[in-house]
Amino acid sequence: MGRSSSATAAGSKKRRSKTGALTLGEVKTLGEELLSSRANLNHAPTLLALLSPSAPLDLALEALISLQSFFVPLLPSIPSAAATAAAAAGDADPELVFRSWLRKRFDELVAALVELTVSPHSDDAIRDLALDALMDFVKLGKDGRFQSAIYHKFIHNLIHATDSIDPLLELLGPKYFIYTDVCYFTYTSLDKIASSIGNKATGSEKSGLHSGDDGPEDRGTIYVRNIYNTLAHIPALDFQESKFNMWSTVGLSSKGEKNSSEDCSATYINKKLKSKFSKAWISFLKLPLPLDVYKEVLATIHKNVIPSMSNPAILCDFLTRSYDIGGVISVMALSGLFILMTQHGLEYPKFYDKLYALLTPAVFMAKHRAVFLQLLDACLKSSYLPAYLAAAFAKRLSRLTLSVPPAGALIIIALIHNLLRRHPSINFLVHWEIDANDSEIFNEASQRKKVGADPFNNEETDPAKSGAMRSSLWEIDTLRHHYSPAVSRFVASLENDLTVRAKTTEMKITDFSSGSYATVFRDEVRRRIKQVPLAFYRTTPTCLFQESDFPGWTFRDQFKNMAETSVEGNGISTVDISNSSPAKRLRMET
């Protein structure tokens with residue numbers, strides 16, 4: 001029987017070498033014989049050779065199904081890599097030799113499944129089936145423990161793929177990232193891979209914003225993008241749940257230790273999951289990030305990362321470094337930094353100086369201006385804010401009204417309205433009467449500068465040295481004559497006495513923060529106005545004047561004559577052109 005099977009396999013190999021491929025019937029026969037007896041074990045390498053993205057789809061599917069059915073019952077008996085090495089070191093029991101051979105063939109199968117799953121040349125059907133088979137091997141290991149070695153090999157190849165991995169992530173997300181242990185070991189693998197990539201980076205590219213150039217992306221940048229895309233596809237953690245869905249039967253354990261009832265508790269699982277989540281993100285944020293990835297991280301870090309961190313304060317280095325970069329990066333870093341300061345006790349002495357420097361016309365054109373302006377209003381809400389700082393921000397915003405679009409002017413008016421209401425000590429900026437007898441300081445200043453000169457220095461980056469306390473909000477008064485009716489009407493809200501808090505309310509910045517030319521125009525068009533008086537016509541006029549409007553008069557142009565002729569009765573008189581209207585008029589009476 002064994003010789004016959006061997007002869008069949010040898011004949012199949014010969015036919016394959018001659019024809020270049022097996023038929024579907026032959027592949028089915030090889031699979032059936034492999035499952036029927038150990039004597040047909042040599043069919044396994046033949047079927048493994050068909051697990052390739054370039055192989056015919058029907059043959060690859062049939063080979064994969066047969067090999068999966070063959071190895072699943074044998075998984076508990078497959079030895080570890082260490083035991084395989086010991087068996088190969090010397091003479092061993094034939095059963096160990098068989099298991100060693102089995103281990104090598106299983107490793108080949110796993111490698112082939114990973115290739116089929118990650119390769120962009122794989123058909124969707126074979127990719128889906130290969131992923132399911134791979135995750136079954138992860139789940140059905142010895143004692144039902146999660147086979148982290150197999151899963152790490154898969155994640156490693158996923159991250160190091162040079163082609164797009166989005167289709168595979170779209171498959172992984174709803175199918176396997178819903179399981180807690182899969183997310184846990186995904187974070188574990190990503191932490192190791194990110195640390196390895198970081199160790200290989202040069203000294204100048206250890207962390208922060210990738211310098212980038214116009215050439216094609218290097219492999220390191222592609223790997224960083226793949227790590228971020230994988231992290232982004234893992235759903236947000238819900239730490240309020242008392243029960244967790246597990247892919248493996250044991251849970252988070254992948255080693256030989258036994259799980260106690262305490263290890264299976266929700267508190268323990270939450271703690272372990274938060275720890276792996278934090279390590280994965282911190283290792284990723286230490287890598288040199290491309291600009292677009294950097295912006296995406298900053299835009300979502302306050303919602304998707306900080307709430308799930310075991311210790312959010314460890315993000316302070318990344319966020320403060322981002323805040324110090326300036327420009328749009330600083331604007332986007334403000335959300336996360338504000339949460340760390342208000343909820344997690346982060347101290348950042350130069351925070352308001354940096355925030356003051358960010359107030360430029362470009363902010364009102366930025367993509368994420370709505371969130372920034374709302375946070376700006378929140379940052380200036382504290383009653384402990386010094387008067388000089390509140391005055392500096394009010395004056396800086398006032399100066400910006402001269403150069404921002406109408407929507408930006410509306411936001412600034414709302415921000416200044418809230419500042420004046422919250423900080424009555426700076427209401428002198430609204431109306432400042434110059435009295436030379438009031439202050440010697442002002443006398444000295446008037447000697448140095450001409451009367452009417454603004455002592456405010458808009459180029460000064462230090463709010464304390466800007467001179468805002470000796471200035472006024474004269475720019476706001478100019479908005480009364482703004483070309484946009486919406487702005488000129490809205491500025492009247494600052495005429496109220498904002499020191500009387502009982503009669504005034506704060507303005508919601510969210511109502512203005514998303515404004516643009518389009519929204520201003522739309523609101524103006526929708527605005528109902530009083531109808532102006534119009535002439536009434538029973539029929540639509542066809543000319544400027546009707547004959548009935550001026551009885552006895554007719555109108556025509558006289559380009560050649562330089563005088564106006566009036567005909568009255570039998571007499572004709574000529575009037576000098578300088579004494580008549582530009583249009584030549586001829587009155588004719590019959």
Side-chain angles (χ1 to χ4, degrees), residues 68 71-72 74-85 99 102-118 130-161 165 168-169 171-173 175-197 223 226-227 230-231 233-235 237 244-260 263-264 268-284 310:
Q68 183 180 5
F71 277 102
V72 165
L74 299 175
L75 285 177
S77 61
I78 296 179
S80 62
T84 302
R99 292 183 180 182
L102 202 61
R103 178 72 201 190
K104 292 179 181 179
R105 301 293 82 78
F106 179 72
D107 290 342
E108 293 175 4
L109 175 60
V110 170
L113 292 177
V114 170
E115 182 184 5
L116 287 172
T117 305
V118 177
L131 179 61
D132 291 342
L134 191 66
M135 294 305 295
D136 281 343
F137 292 147
V138 169
K139 177 182 182 179
L140 302 174
K142 185 177 293 185
D143 301 327
R145 300 186 183 278
F146 195 97
Q147 300 301 301
S148 58
I150 298 175
Y151 189 70
H152 178 74
K153 185 180 295 184
F154 165 62
I155 295 296
H156 183 274
N157 282 268
L158 177 70
I159 299 303
H160 288 80
I165 61 173
L168 182 54
L169 291 175
L171 190 62
L172 270 171
K175 206 168 187 179
Y176 295 107
F177 285 161
I178 59 175
Y179 297 103
T180 303
D181 52 350
V182 174
C183 295
Y184 175 85
F185 288 104
T186 302
Y187 291 134
T188 302
S189 297
L190 292 178
D191 176 26
K192 295 178 181 178
I193 296 170
S195 300
S196 175
I197 295 174
Y223 301 160
N226 290 343
I227 293 176
T230 305
L231 287 170
H233 276 80
I234 301 177
L237 304 179
F244 296 90
N245 293 329
M246 297 292 181
W247 177 244
S248 61
T249 56
V250 175
L252 301 185
S253 175
S254 64
K255 298 181 180 179
E257 67 271 10
K258 295 182 179 180
N259 285 347
S260 62
D263 293 345
C264 298
Y268 173 80
I269 294 175
N270 279 331
K271 183 178 178 181
K272 295 279 287 184
L273 199 57
K274 273 191 173 184
S275 175
K276 293 299 181 182
F277 175 90
S278 302
K279 290 180 179 180
W281 271 99
I282 291 301
S283 298
F284 166 70
S310 58

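FYI, side chains are in, hydrogens and waters are out, and symmetry mates aren't considered; it's all heavy atoms of this structure.
The CD1 atom of Ile282 sits 9.5 Å away from atom CZ of Phe277, with the distance rounded to the nearest 0.5 Å. Note that OH of Tyr176 and CD1 of Ile234 are 15.5 Å apart. Values are rounded to the nearest 0.5 Å. With values rounded to the nearest 0.5 angstrom, Lys276 atom NZ is found 11.5 Å from Leu190 atom CG. The CD1 atom of Ile159 sits 5.5 Å away from atom CD1 of Ile227, with the distance rounded to the nearest 0.5 Å. One distance of note links OG1 of Thr180 with CE of Met246; it measures 5.0 Å at 0.5 Å rounding.
The side chain to side chain donor-acceptor pair (under 3.5 Å) search around Thr186 returns Tyr151, not counting sequence neighbours. A search for side chain to side chain donor-acceptor pair (under 3.5 Å) contacts involving Ser189 returns His152, not counting sequence neighbours. Evaluation of the ring-ring contact (aromatic ring centres under 6.0 Å, His included) rule for His156 yields His160 as partners, not counting sequence neighbours. The ring-ring contact (aromatic ring centres under 6.0 Å, His included) search around Phe106 returns Phe71, Phe137, not counting sequence neighbours. Ala133 is linked by a side-chain contact (heavy atoms from CB on, under 4.5 Å) to Leu64, Gln68, Leu113, counting only residues two or more places apart in sequence or in another chain. Qualifying salt bridge (charged side-chain N to carboxylate O under 4.0 Å, His left out) partners for Glu108, counting only residues two or more places apart in sequence or in other chains: Arg105. For Asp136, there are no salt bridge (charged side-chain N to carboxylate O under 4.0 Å, His left out) partners, not counting sequence neighbours. Looking at residues two or more places apart in sequence or on another chain, you find a salt bridge (charged side-chain N to carboxylate O under 4.0 Å, His left out) between Lys175 and Asp128, Asp132. Residues meeting the side chain to side chain donor-acceptor pair (under 3.5 Å) test with Ser310, sequence neighbours left out: Ser278. With sequence neighbours left out, Lys139 forms a side-chain contact (heavy atoms from CB on, under 4.5 Å) with Trp247. Checked against side-chain contact (heavy atoms from CB on, under 4.5 Å), Ile178 has no partners two or more places apart in sequence or in another chain. Scored by the ring-ring contact (aromatic ring centres under 6.0 Å, His included) test, Tyr184 finds no partners at all (sequence neighbours excluded).
A donor-acceptor pair under 3.5 Å is absent between the side-chain atoms of Ser196 and the main chain of Lys192, judged by distance alone.
Taking the side chain as every heavy atom from C-beta outward, Phe244 and Asn270 approach each other to under 4.5 Å. Residues Leu158 and Asn226 are not in side-chain contact: their nearest non-hydrogen atoms beyond the backbone lie 4.5 Å or more apart. Using a 4.5 Å heavy-atom threshold, the side chains of Leu231 and Trp281 count as touching. With a 4.5 Å cut-off on side-chain heavy atoms, Val110 and Lys153 count as touching. Side-chain contact between Leu131 and Leu172: present, with at least one pair of heavy atoms (C-beta onward) separated by less than 4.5 Å.
For the pair Phe284 and Ala194, the tightest heavy-atom approach, listed with the atom from each and the gap, is N-CB, 4.0 Å. Residues Phe177 and Cys183 approach most closely at O-SG, 3.0 Å, considering heavy atoms. The minimum heavy-atom distance linking Leu75 with Leu140 is given by the pair CD1-O, 3.2 Å. Across all non-hydrogen atoms, the minimal contact from Ala161 to Val118 is CB-CG1, 3.6 Å. Closest heavy-atom contact between Ser283 and Asp191: OG-OD1, 2.5 Å.
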*Met135 vs Val182, side-chain contact (heavy atoms from CB on, under 4.5 Å): CA-CA, chis, key distance, verdict*: CA-CA 10 Å; Met135 294 305 295; Val182 174; 4.2 Å; yes

